[in-house]
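Shown next, in structure tokens, is the structure this report addresses.
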Number of protein chains: 2
Amino acid sequence: MNLQEGKEKFIQTWGTLGSNWGISRTMAQIHALLLISPKSLSTEEIMEELQISRGNTNMNVRALMDWGLVFKEFKTGERREFFSAEKDMWKVAMQIVKERRKRELEPLVGTIADLQQVKDSSEAGKQFETTVADLNKVIGKADKTIDLLIRADENWFMNNFLKLLTK
Amino acid sequence: MNLQEGKEKFIQTWGTLGSNWGISRTMAQIHALLLISPKSLSTEEIMEELQISRGNTNMNVRALMDWGLVFKEFKTGERREFFSAEKDMWKVAMQIVKERRKRELEPLVGTIADLQQVKDSSEAGKQFETTVADLNKVIGKADKTIDLLIRADENWFMNNFLKLLTK
DNA sequence: TTAAACTTTCAATAGTTTTTGAAAGATATT
DNA sequence: AATATCTTTCAAAAACTATTGAAAGTTTAA
């Protein structure tokens with residue numbers, strides 16, 4: 001497999017993976033393209049490389065910036081914007097975990113609190129209460145685990161950063 | 001909020017959540033319905049409760065069985081099949097993790113091995129190799145973590161099971 | 001063996017999501 | 001101030017995914 005074939009396969013794979021995870025295929029493909037590109041790319045270059053329209057490119061690049069996975073870069077003497085992705089895959093994974101927690105877990109916690117207000121002594125009511133309480137426990141556990149993971153990671157990063165500064 | 005409203009909210013919430021995770025909305029709704037139902041339900045009852053067609057019900061119930069989240073039950077003197085969901089939410093979460101690992105992580109490992117065959121000394125080639133190698137490390141880490149999680153869980157279960165047997 | 005009860009399949013349809021591309025909106029340059 | 005370059009928006013179209021419901025298939029009972 002040569003580089004060109006490898007790039008295509010990587011972009012396709014990342015795209016498919018993304019669509020299994022509620023991320024649009026194109027968004028994941030742009031991300032993949034930027035991940036393997038040594039330099040930042042303009043809208044034009046992304047359009048060209050992935051054969052997609054300007055609007056589509058713009059929308060998805062902005063979504064990637066919302067996710068904190070892609071950043072704008074300005075080049076001196078250039079009016080256009082250039083985009084580049086965070087390359088450290090561990091940071092990428094952490095960022096995705098963080099964002100999903102914010103977008104999904106947090107609203108869920110609120111909903112469950114509401115559902116726990118339901119009181120009903122029928123058999124169906126009992127099962128409902130048990131399931132909701134049990135779900136609440138699992139969500140709580142997941143939330144704590146993710147929190148721990150993020151904290152550990154941030155400390156690790158902070159530690160390295162400090163080491164670098166004081167070296 | 002009364003039980004009926006609570007049930008509807010639960011089913012809707014689970015459905016939305018599912019669709020963020022690449023699971024079809026209806027599949028997640030059937031799952032939710034079975035989770036809060038104290039008794040197993042027939043196709044007919046699921047159709048009625050969620051206002052969906054027979055074909056749709058059948059397809060999605062089978063998909064849930066594929067995921068190992070729902071089981072057939074036979075009642076004596078009944079020809080129809082009844083369905084019930086695993087109620088222990090921790091087991092549910094574990095089962096989802098296991099299945100996703102099998103369906104996504106495992107194929108990915110193969111693809112990455114292929115991508116690591118690419119050799120190219122250009123700058124673009126270098127970045128490609130670095131990204132793929134880095135991704136490989138993160139995937140490996142994730143895989144090991146999940147493996148540990150599953151093993152720990154299975155041991156825990158096995159331990160409890162043994163305790164129960166020898167009590 | 002036939003009929004009844006139930007499950008599965010699948011082509012057509014409905015619904016949802018993504019993409020396009022042209023127009024409008026910015027911002028910089030002359 | 002007019003023009004050029006680049007970015008953003010959004011309605012319409014295309015692509016994709018889910019759902020229906022009737023027909024075919026299967027199993028059980030008489």
Expressed as a whole number of angstroms, how long is the span from Met47(B):CE to dT7(C):C1'?
12 Å

Nearest heavy-atom approach of Gly68(A) to Gln95(A) is O-CG, 3.6 Å

Atom CD1 of Ile30(B) and atom C1' of dT19(D) are separated, to the nearest Å, by 12 Å

Distance in angstrom units between Glu44(A) CD and dG21(C) P, rounded
14 Å

When you compare the side chains of Glu8(A) and Gln4(A), does any donor N or O come within less than 3.5 Å of an acceptor on the partner?
yes

In this structure, how many angstroms lie between the P atom of dG21(D) and the CG atom of Asn60(B), rounded?
15 Å

What's the CD1-P distance between Ile46(A) and dT8(D), to the nearest Å?
12 Å

Strictly below 4.0 Å, N to O, side chains only: are Glu44(B) and Arg54(B) in salt-bridge contact?
yes

Just the rounded figure in Å: distance from P of dT7(C) to CD of Glu45(B).
11 Å

In this structure, how many angstroms lie between the C1' atom of dA26(C) and the CZ atom of Phe74(A), rounded?
13 Å

I need the residues from residues 52-59 of chain A with at least one non-hydrogen atom less than 4.0 Å from DNA chain C; give them sorted by number, or say none.
Ile52(A), Ser53(A), Gly55(A), Asn56(A)

Just the rounded figure in Å: distance from P of dC10(C) to CZ of Arg62(B).
10 Å

What verdict does the salt bridge (charged side-chain N to carboxylate O under 4.0 Å, His left out) test give for Arg100(B) and Glu106(B), after you've listed the backbone C-alpha separation in whole Å, the side-chain angles of each residue and the deciding distance to 0.1 Å?
CA-CA 9 Å; Arg100(B) 291 201 77 133; Glu106(B) 284 179 13; over 6 Å; no

Quick check for you: among dT8(D), dA4(D), dA29(D), whose closest atom lies nearest to any side-chain atom of Arg79(A)?
dA4(D)

In terms of heavy-atom contacts, Thr131(B) and Met89(A) come closest through O-CG, 4.3 Å

Between Thr26(B) and Phe83(A), which has a closest nucleotide on DNA chain D that is more 5'?
Phe83(A)

Consider only side-chain heavy atoms of I, L, V, M, F, W and Y, link residues closer than 4.5 Å, and tell whether Phe82(A) and Leu33(A) are in one cluster.
no

